[in-house]
Amino acid sequence: MSRERFLALVTNWREETIDEQGVSDLKVFLRKDSSYRKEFRQQFLTLEAVTSTLQEEDGRIALLHELTQENHVRSRLRPRLWHVAAVAAAAIFLVFLFLPSTGYEFAHIRMSDDVTLTRNGQPITGVLQSGDTIQVPEHGEAVLQWQDASTVTFTSKNNCVYGDGITTRLQMHHGKINASVTPQASGKHFRISTPQAVFTVIGTEFSLQTDGNSSFVHVHEGTVAMQNDNNSAVVMAGQSAWSDGLLGFSLGCYLTPEYSAYLSGKRVLYQDFAEGLSNEWRWRLQASDDNESMAARPWADNAAVSLFRQHDGPSSVTLDRQQTLHVTCKMVSPGSLQCKLFTQSGLNDGREQWRVEAGVIPEANRWYTLSFPLAFFYMINAQDDGVTLPEMNGLDLNGAHLGSKTENGLVIRRIWMTE
Amino acid sequence: MSHKHLKRHSGEYLSGRPQLMAFALSMLRNHAQAEDVCQEVWLKLIDALEKGREIMDTGKWCRGVARNLILKQWEKQKRAKVIVDSELLDLAEQSFDEIETDDPWWAQRLALKDCMQGLSDVNRSLLHMRYLEGNSIDCICEKQQKTRSAVEKMLTRVLARLRECAGKKIEVQR
C-alpha cells in the first residue's frame with residue numbers, strides 16, 4: 001500500500017467518510033512504522049491549530065459584538081407590525097431590568113445544616129443581605145440562586161461575603177465555586193471578587209478558586225473579564241487564568257491555554273495588557289516561591305517562534321543595552337522558558353558568560369525601556385557544566401514586560417524592578 | 001494539594017492542551033466534542049490532584065483520561081459497529097506519545113496560525129463550517145451549491161496549503 005493510499009485514508013477518517021475496510025487499512029499503516037503515525041499526528045495538530053485560530057477569531061468577534069450590541073440592535077430596528085409584540089415584550093423586560101437596579105438583588109440559598117450564615121457575627125436565617133457571611137465547611141453543601149436563575153455552587157470549604165447584588169454578588173475570601181450565570185441585561189453586571197481580582201461574568205459557566213493568595217479561574221463557556229485597579233483581561237471559554245496580586249499592586253493574569261503561565265511576585269507592576277486583540281506580544285517573568293528561578297512564557301505567536309528557534313538546550317539570554325539586566329534561561333518546553341534574572345550588583349557568580357556589562361545598574365523602582373535584538377540571545381550549557389546558578393535570596397527581583405514585535409528582535413518597552 | 005503542585009500540573013496541562021485537543025480531534029473529528037473532552041480531562045486532573053494523586057507525566061495522564069472519555073462517548077453514541085475501535089485509539093495515543101522533545105510541533109502550530117491570516121474568505125468560511133461548526137460535508141455542499149467531491153478537494157487543498165506555508169515559514173526561520 002502506498003503513502004498516497006495512507007493519506008487518502010487519513011483524509012477519509014478526518015472527513016468521516018471512511019468505511020470498515022478503510023479503518024482496517026488505516027490501522028495497518030499506523031502499526032507499520034512511526035512515520036505514518038507522525039503524519040497522522042501532524043494532520044490533527046494542523047486541524048487543532050486551524051480550529052483554535054478560528055475559535056479565537058470567533059471569540060474576538062463575539063466579544064466585539066457583545067460590546068457593540070446595543071448600537072447594532074438600534075441601527076437595525078425597522079418599523080414592522082411584529083415589532084408591536086416586540087415592544088410589548090421589551091416593556092416587560094424593562095420592568096424586570098429596572099426593578100433589580102433600584103435595590104437589592106435577592107438570592108435563594110439551599111444549604112446543608114453545617115453551613116453557617118452570620119450577620120455582624122450573629123447567626124441568621126432567612127433572606128441574605130449585603131455583608132452577610134457564608135461559611136461552608138469541608139463537606140458542606142450550598143447553592144445560591146438568583147432571580148435570573150444564575151447559580152453559584154460551593155464545591156469546597158468556603159468563606160465568603162454576600163454582596164449587594166449591584167456592584168458585587170459575592171466576595172470570596174477562600175474556597176472554590178462553580179458558577180452558571182445567565183447573560184446579564186445591559187447595564188447589569190454579575191461580579192465576584194476575590195482578594196486578587198474582580199471577575200465580571202458575561203453569561204457563562206466557570207470555576208473560580210481562591211486560597212487568599214491567588215485566584216484561579218477556568219471558563220467552561222462564555223466569557224469572564226478579570227481586573228483589578230490597573231489591569232484587566234478577558235478569559236474566553238476553554239481558557240484559564242491565574243492572578244496573584246500582592247501588596248496592593250496590580251495583578252497579573254495569564255490567559256491560557258496557549259499562553260499559560262503564572263505571576264507570583266512580591267511587587268509587580270504591569271500596565272496595558274487588557275486589550276489582547278492587538279499585535280503586541282506580551283510575556284512575563286515569574287518568580288517561583290523560593291525566588292530561585294523565573295519562568296517566562298511568551299504571550300503570542302511571534303515571540304514564541306523567535307524564542308523557539310533559538311532553542312538548543314539550556315541557554316543564557318543576555319538582554320543588554322545600556323543596562324545590566326541579565327537573564328539566564330533554559331527552554332523547558334516549546335514556548336516555555338525557565339530563567340534566572342540577576343543584575344550586576346554582585347548577585348551572579350562572576351562567570352563572564354553571564355555578565356555582559358554596559359551602562360548603568362538598573363535602579364530599583366524605576367521603569368526601563370530596553371531593546372533586545374535576537375542576536376543577543378546566545379547559548380551556554382549551564383546544566384552540563386554542573387554550574388550552580390546563583391541564589392536569588394535576599395533580592396525579590398521581578399519583572400513585568402510589555403513588548404511589541406520588531407523586525408530585528410524583541411523590544412521590551414517597560415521593566416519595573418523592585419528590590 | 002499545594003499551590004505549587006497545582007501550578008505545576010496546571011501549567012503542564014495548559015501547555016500540552018493543543019496536543020491533547022489534537023488527540024481528541026483525531027478520534028472524535030468534532031471540535032465541540034473534543035473541547036468537551038479536554039475540559040472534562042481538566043476537571044479530572046484537578047480532582048485527582050486534590051485527592052493527592054501522584055501524576056508523573058501530566059500529558060500522558062491526560063491522554064489516558066481523554067482516551068477513556070472518548071471510548072465512553074463512542075459507546076454512548078453506539079457507533080461501535082465500524083468506527084469504535086480501541087486499537088485505533090491506542091495507535092493514535094501512541095502517535096502522540098511519540099512526540100519527541102525536539103519535535104517542532106509548537107513552532108509549526110504558530111506558523112500555521114500565522115498562515116491562517118492569509119486565507120481567503122471563501123476558504124476560511126469553508127474551514128469554519130466544517131471544522132468549527134462541525135457541519136457535514138453534505139450540509140456544506142448544500143449551503144455552497146457545490147458537489148461533494150469539490151468540497152472535499154477544497155478542504156484537503158486548503159489544509160495542505162496551510163501545512164506547506166507553515167513548513168516554508170519554519171524553513172526560513174532555520
Side-chain angles (χ1 to χ4, degrees), chain A residues 11 13-20 23 26-27 30-31 34 36-38 40-56 58 156 207 211 213-214 216 218 220 237-238 240 242 256-258 260-262 264 288-289 295 297 301-302 304-305 308-309 311 333-336, chain B residues 3-4 6-7 10-19 21-23 25-26 29 31 35 38-39 42-43 50 81-83 85 87-88 91-92 94-96 98-99 101 104-114 116 124 127-128 130-132 136-137 152 155-156 159 162-163 166 173-174:
Chain A
T11 303
W13 170 256
R14 189 187 66 219
E15 302 304 335
E16 300 185 72
T17 53
I18 200 163
D19 57 15
E20 203 162 351
V23 173
L26 182 60
K27 282 193 289 186
L30 292 174
R31 268 195 301 264
S34 62
Y36 289 116
R37 291 193 290 276
K38 185 175 179 183
F40 180 82
R41 181 175 77 221
Q42 291 293 351
Q43 291 263 353
F44 288 97
L45 283 168
T46 301
L47 198 56
E48 186 280 328
V50 167
T51 53
S52 74
T53 309
L54 291 169
Q55 195 182 26
E56 280 165 22
D58 260 16
S156 71
S207 306
D211 61 3
N213 294 317
S214 65
F216 176 80
H218 181 72
H220 306 291
S240 308
W242 282 94
T256 54
E258 281 83 1
S260 66
Y262 325 104
S264 168
S288 68
D289 294 343
R297 282 172 194 273
D301 302 355
N302 44 357
V305 171
F308 186 78
R309 77 171 187 237
H311 171 47
S333 66
S336 169
Chain B
H3 187 55
K4 212 169 173 177
L6 177 65
K7 270 186 179 179
S10 304
E12 284 172 3
Y13 167 84
L14 294 164
S15 61
R17 195 179 188 278
Q19 279 188 21
M21 183 71 187
F23 169 63
L25 265 178
S26 77
R29 296 151 298 161
H31 180 77
E35 277 278 359
C38 287
Q39 293 199 7
W42 164 252
L43 293 174
E50 278 178 347
K81 279 181 193 166
V82 180
I83 305 300
D85 190 328
E87 192 193 350
L88 192 60
L91 288 164
Q94 187 185 347
S95 80
F96 281 86
E98 284 169 353
I99 295 185
T101 46
W105 72 272
W106 188 269
Q108 275 170 350
R109 181 170 189 274
L110 298 174
L112 267 167
K113 283 163 122 13
D114 210 19
M116 291 274 293
R124 183 181 298 274
L127 291 174
H128 200 283
R130 176 71 188 102
Y131 300 119
L132 200 62
S136 68
I137 290 190
E152 280 177 351
L155 283 168
T156 307
L159 290 174
L162 283 173
R163 275 185 72 183
Q173 284 163 13
R174 276 179 189 152

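Computation of the quantities below employed the complete heavy-atom set of this structure, encompassing side-chain atoms and omitting hydrogens, waters and symmetry-equivalent molecules.
- The structure places NZ of K113(B) at 3.5 Å from OG1 of T53(A), a figure rounded to the nearest 0.5 Å.
- Of all non-hydrogen atoms in L91(B) and R31(A), the two that sit nearest each other are CD2-CG, 3.8 Å.
- Other residues, nucleotides and ligands contribute more than 12 heavy atoms inside 6.0 Å of the NZ atom of K27(A).
- Between E16(A) and I137(B), every side-chain heavy-atom pair lies at or beyond the 4.5 Å cut-off.
- Considering all non-hydrogen atoms of both residues, L127(B) and V50(A) come closest at CD1-CG1, 3.9 Å.
- Put simply, CG on L45(A) and CE on M21(B) are 12.0 Å apart, with the number rounded to the nearest 0.5 Å.
- Between the side chain of W13(A) and the backbone N or O of R29(B), no donor-acceptor pair lies under 3.5 Å.
- Of all heavy-atom pairs between E98(B) and S34(A), the closest is OE1-CB, 3.8 Å.
- Of the two parts of L162(B), only the side chain, counted from C-beta on, holds a non-hydrogen atom closer than 4.5 Å to a non-hydrogen atom of chain A.
- Contacts with chain A were tallied for Q19(B), E87(B), E152(B); E87(B) has the most, counting heavy-atom pairs under 4.5 Å.
- Contact of A92(B) with chain A is made through backbone and side chain together, with heavy-atom distances under 4.5 Å.
- Here L155(B) contributes atom CG and E15(A) contributes atom CD; the two are 5.0 Å apart, rounded to the nearest 0.5 Å.
- The most heavy-atom pairs under 4.5 Å with chain B, out of L47(A), L30(A), L26(A), come from L47(A).
- Counting only heavy atoms from C-beta outward, the side chains of L54(A) and H31(B) never approach each other to under 4.5 Å.
- In this structure, chain A has a heavy atom under 4.5 Å from the side chain of L112(B), while its backbone stays farther away.
- Q43(A) pairs by the side chain to side chain donor-acceptor pair (under 3.5 Å) definition with R14(A), E39(A), not counting sequence neighbours.
- Shown here for T156(B) and T11(A), the closest heavy-atom pair between the two residues is OG1-CG2, 3.6 Å.
- Q42(A) contributes atom CD, which lies 12.5 Å from atom OG of S26(B) (distance to the nearest 0.5 angstrom).
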